[in-house]
Amino acid sequence: MADPAAPILMFDSGVGGLSVLAEVRKLLPDAPVIYAADHAGLPYGSKSEAQIAARVAGLLGRMSERWRPRLACIACNTASTIALGMVREVLEIPIVGTVPAVKPAAALTRTGVIGLLGTEATIRQAYVDNLEAEFAQGKILLRQAAPALVEAGEAKLRGERVDMGAIRAAVDALRAQPGGERIDVVVLACTHFPLLLEELTQAFGPGVQFVDGAAGIARRIATLTAGQQFARAVPDMAVTTGDIAALEALRPSLVQYGIAQIREF
Ligand code: DGL
């Protein structure tokens, strides 16, 4: 039986995983959480598969040894689609990944044309090809890399102005693909993007629904920890592999997600 104070470790390259944490809080308000942001490695989207796999497996291994989490959640589509299998091989705790929500999108679309916004690395993964083949047969899945949205999500949570031009450019590029004008469902296949839901809604205009994996991930974590005791021994913490001053700028947002202390890793 897990120690009641053992945390759930949430991992992302930056603040994107907070969109997943928000859903986890709804189901498991008493669960102790350590939120880890690999800001030294941000952005993952422009890195190679080998670089991402090495970072994610190495960091999660070290973090697991340090904090003995009961479960780790890779709250990042890029890291999950590349390194989930490898991390599961090396860690002995349950690992929950973040998979682009192609299945629910395929069930929702009426036009048969689904848009998918993700990082450059995510959209080229065989993992996404397999999701498309399994769940979106007979439908069209249009993928668009939107790296500027990762920075926009980070900026928004630092309290800075969001660059609407960058968001519109990503939306226009997706719409400009053949069939793009018929998109009625958009998969937010990067955990940073639900942080920009208002801006994306504005940029797409009416008639588009958005789906992401966060609620499903929270349900999976609740299932895997069912029957376990939760008791916070210390306030929930966020750690960064980067500069602590940069994390300090995020403190007001982190507080809203129930994070009470910040540290360097
Ligand atoms: N939040 C991450 C994702 O879900 C990646 C952002 C990045 O580091 O490029 O894909």
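Read the numbers this way: they start at 1 and go in the same order the structure lists the ligands and their atoms. Keep in mind that what you see is a predicted model, and the values were worked out from it rather than measured.
- Set against the non-hydrogen atoms of L42, the atoms of ligand 1 under 4.0 Å away are 8 (O).
- Contacts between T98 and ligand 1 below 4.0 angstrom, taking non-hydrogen atoms only, are absent altogether.
- Checking E154 against H39 by side-chain atom types alone, a donor-acceptor pair falls below 3.5 Å.
- The existence of a salt bridge linking D3 and R68 is excluded, since no basic side-chain nitrogen approaches an acidic carboxylate oxygen closer than 4.0 Å.
- The OG1 atom of T122 sits 5.5 Å away from atom CG of N77, with the distance rounded to the nearest 0.5 Å.
- Judged by distance alone, the side chains of D38 and S13 never bring a donor and an acceptor atom under 3.5 Å apart.
- The contact set between ligand 1 and D12, taken as ligand atoms under 4.0 Å from a residue heavy atom, comprises 1 (N), 2 (C).
- A salt bridge does not link K139 to E132: none of the charged side-chain nitrogens sits closer than 4.0 Å to a carboxylate oxygen.
- Of the protein's heavy atoms, G45 N, 2.9 Å lies nearest to atom 9 (O) of ligand 1.
- Ring centroid separation for the pair F210 and F204 comes in under the 6.0 Å cut-off.
- Ion pair R25/D30 not flagged as a salt bridge, since none of the NZ, NE, NH1 or NH2 atoms sits closer than 4.0 Å to an Asp/Glu carboxylate oxygen.
- Contact of the L42 side chain with the V150 side chain is registered, since non-hydrogen atoms from C-beta on lie closer than 4.5 Å.
- Among all non-hydrogen protein atoms, the one lying nearest atom 6 (C) of ligand 1 is S13 OG, 3.5 Å.
- Under 4.0 Å from ligand 1, heavy atoms of T191 appear from its side chain as well as its backbone.
- For atom 3 (C) of ligand 1, the nearest non-hydrogen atom from the set C190, G118, P100, A37 comes from C190.
- Closest to atom 1 (N) of ligand 1, if we only count protein heavy atoms, is H192 ND1, 2.8 Å.
- The nearest protein atom to atom 7 (C) of ligand 1, hydrogens excluded, is given as Y44 N, 3.3 Å; this is a heavy-atom distance.
- Interface of V150 with ligand 1, defined as ligand atoms under 4.0 Å from a residue heavy atom, comprises 6 (C), 7 (C), 9 (O).
- Protein heavy atom in closest approach to atom 10 (O) of ligand 1: T78 OG1, 2.6 Å.
- For atom 2 (C) of ligand 1, the closest heavy atom belonging to the protein is C76 SG, 3.2 Å.
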